[in-house]
Amino acid sequence: MDLPHANKEDCEAVTNASWNSKPVYDYKPENNTAKITAVKGTGGGGPGAPGTRGATANSRSVSIAWEEVEFVHGITVSHYEVQKYIAGSERWETVEREVYGTEYTDFNVGSGQTAPYRVRSVSEAGVPGLWSRQFNRLSAQRQGQLAAPRLTAITTTKDSARVTWTAPTNQQGAITGYELEYLAGQEWTLLERLAADEECEDEPPLCYEDLGLPAGSEQRYRIRAMAGADAGRWSNEATAYTAPEFPNGIDAEANGHNAIFVLWNPPADATRGRSVTRYELQVSTDGGETWSSLASPGRTSRVYNHTGLQPEESRSYRIRACNSAGCSYWNGPAFATTAARGVPAAPSLSLRASNPSEISLSWNKPGDCGSEIVRYQLEHYTDGSEWAELSLYPSTATQFAHQATFGGGTAHLYRVRAVNGISNGA
């Protein structure tokens, strides 16, 4: 007590006061009471020591939580410091110096490892309080790697794909991000490192937009979750396709007096994946001012025979390639006029692969429509090339052996037509 005396005589002069040079209980019972007050801040081990609220373990991580401390020695608490005991070196190691909350998750935990943790508060003056009691020793779940996400990919525009995935179940607390890869040739290549809650503009979280993809491309993706530096298992592979390039050239020519052949080359990438699933062919009777649908040839088609026309009738054509992602730009127009009456009819052509270096062709003599056939014209075609004339044959010829070095499994197209004194036949 702050009394106006500093010696025994002055003290005993005070009514009901007694003097003793050491702390003792006063022999006067009425003097043996005291009132003590303290500000909030005492926790689980002394002034400033946070009380432990518990700890939980996820796959490859441990989370601890503690009671809030407001003051250390009367000064407001600023943050908390967390330490982990390293058994190998028998020392406590600080794992986080500034935690602005009452929870902390340690992702640097190997599967099955154990370690005790402790935490202390630090005041705004930088003075630490006492350490908390040790949290119970915990083991990260013995599950090895994080489980694999479930991945999907769809095409959203002609040149972009949207990749979405679901987080591995019951392991969200351990996930710090994702790694997204795409297949470049035969090698998987990192595309992006993504946040744990990556999202697209108009989609819920766990979504990524891959923009600016080349036309006719097949994009294959996979993704894995990350827990700090530890990688989880790869997801399933998901594939998206962009709209194809436009066909590589279009041509049209008369096929007799009542038909026109429309011929085209596929896009340069048509042999990759599902770049082209079909074509859309349109025709115009007014030189390209208005167009109407004519046919939807299949992905392997390279020629369309437009029949039912009249002699010396003209048409314009255009074509585009399509797949599940959409269609390319139009290629064309190509223009042709049917032949006049009197040209030969179309021969009937048959083929046979005699051996790996020879294809045998044979045809019948068609009707000459009143003008004697003078020769035959035979042409050959493969993907990515133009129709090439093999030779001209006399009117008596009805067969030909095409000998060349053919690649195994390659497809070859042939056509033959008769020519009479009027013009080329169908």
Side-chain angles (χ1 to χ4, degrees), residues 36-147 167-168 170-179 193-198 205 224-232:
I36 300 175
T37 60
V39 295
K40 183 176 180 181
T42 300
T52 59
R53 286 200 291 123
T56 58
N58 261 315
S59 175
R60 304 180 73 82
S61 71
V62 172
S63 297
I64 60 175
W66 56 88
E67 300 290 348
E68 180 183 9
V69 177
E70 294 186 16
F71 302 97
V72 174
H73 305 300
I75 301 177
T76 304
V77 168
S78 169
H79 58 273
Y80 300 89
E81 180 181 356
V82 179
Q83 287 190 342
K84 176 171 66 173
Y85 187 73
I86 308 302
S89 56
E90 298 183 348
R91 62 183 175 85
W92 287 93
E93 180 179 282
T94 298
V95 292
E96 188 61 59
R97 293 192 179 277
E98 296 184 4
V99 178
Y100 295 92
T102 57
E103 294 182 359
Y104 171 75
T105 299
D106 184 8
F107 293 107
N108 189 24
V109 179
S111 177
Q113 291 185 357
T114 65
Y117 295 82
R118 67 183 184 180
V119 62
R120 68 180 176 182
S121 56
V122 181
S123 73
E124 292 178 345
V127 177
L130 297 180
W131 288 108
S132 70
R133 297 186 180 91
Q134 293 184 17
F135 289 82
N136 293 334
R137 290 176 177 266
L138 293 167
S139 298
Q141 294 175 1
R142 298 176 182 270
Q143 295 180 356
Q145 293 176 298
L146 291 170
N170 300 323
Q171 301 180 75
Q172 287 84 346
I175 296 173
T176 57
Y178 294 91
E179 286 186 347
R193 287 188 172 92
L194 306 171
D197 58 350
E198 190 75 24
R224 63 183 176 183
M226 302 294 295
D230 294 329

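- Remark: the Gln83 side chain and the Tyr85 side chain contain no N/O donor-acceptor pair separated by less than 3.5 Å.
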Discussion item. Lys84 vs Val62, test: side-chain contact (heavy atoms from CB on, under 4.5 Å). Steps then yes/no.
Written reply: CA-CA 11 Å; Lys84 176 171 66 173; Val62 172; over 6 Å; no
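- Interatomic distance, CZ of Arg120 versus OG1 of Thr94, reported as 7.0 Å (0.5 Å rounding).
- Among all heavy-atom pairs drawn from Ala55 and Phe135, the shortest one is CB-CD2, 4.4 Å.
- From Glu70, atom CD reaches atom OG of Ser121 across 11.0 Å, with rounding to the nearest 0.5 Å.
- In terms of heavy-atom proximity, Arg53 sits nearest to Thr102 at NH2-OG1, 3.6 Å.
- To the nearest 0.5 Å, atoms OH (Tyr178) and CG (Leu146) are separated by 8.5 Å.
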Practice prompt. Could you go through the side-chain contact (heavy atoms from CB on, under 4.5 Å) check for Tyr104 and Val119 one step at a time?
Written response: CA-CA 10 Å; Tyr104 171 75; Val119 62; over 6 Å; no
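- In this structure, CH2 in Trp92 is found 5.0 Å from CZ in Arg118, a value given to the nearest 0.5 Å.
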Worksheet item: What do the steps show when you test His79 against Glu81 for side-chain contact (heavy atoms from CB on, under 4.5 Å), and what is the final call?
Response: CA-CA 7 Å; His79 58 273; Glu81 180 181 356; 5.6 Å; no
Worksheet item: Val82 and Ile64: side-chain contact (heavy atoms from CB on, under 4.5 Å), yes or no, with the steps?
Response: CA-CA 10 Å; Val82 179; Ile64 60 175; 3.9 Å; yes
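- The side-chain hydrogen bond (donor to acceptor under 3.5 Å, both in side chains) test applied to Ser89 returns Arg91, not counting sequence neighbours.
- For the atom pair CD of Glu124 and CD1 of Ile75, the computed distance is 8.5 Å after rounding to the nearest 0.5 Å.
- At a threshold of 4.5 Å between non-hydrogen side-chain atoms, the residues Ser78 and Tyr100 count as touching.
- Between Arg133 and Trp66, every side-chain heavy-atom pair lies at or beyond the 4.5 Å cut-off.
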Practice prompt. Would you sort out whether Ser63 and Glu103 count as a side chain to side chain donor-acceptor pair (under 3.5 Å), showing the intermediate values?
Written response: CA-CA 7 Å; Ser63 297; Glu103 294 182 359; over 6 Å; no
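- Between Thr76 and Phe71, some side-chain heavy-atom pair lies under the 4.5 Å cut-off.
- When Ser123, Pro50, Ser132 are each tested for a side chain to side chain contact (heavy atoms under 4.5 Å, CB included) with Val69, only one passes: Pro50.
- For Arg193, the side-chain hydrogen bond (donor to acceptor under 3.5 Å, both in side chains) criterion is met by Glu179, not counting sequence neighbours.
- By the side-chain contact (heavy atoms from CB on, under 4.5 Å) test, Ala196 is found to be paired with Ile175, residues two or more places apart in sequence or in another chain being considered.
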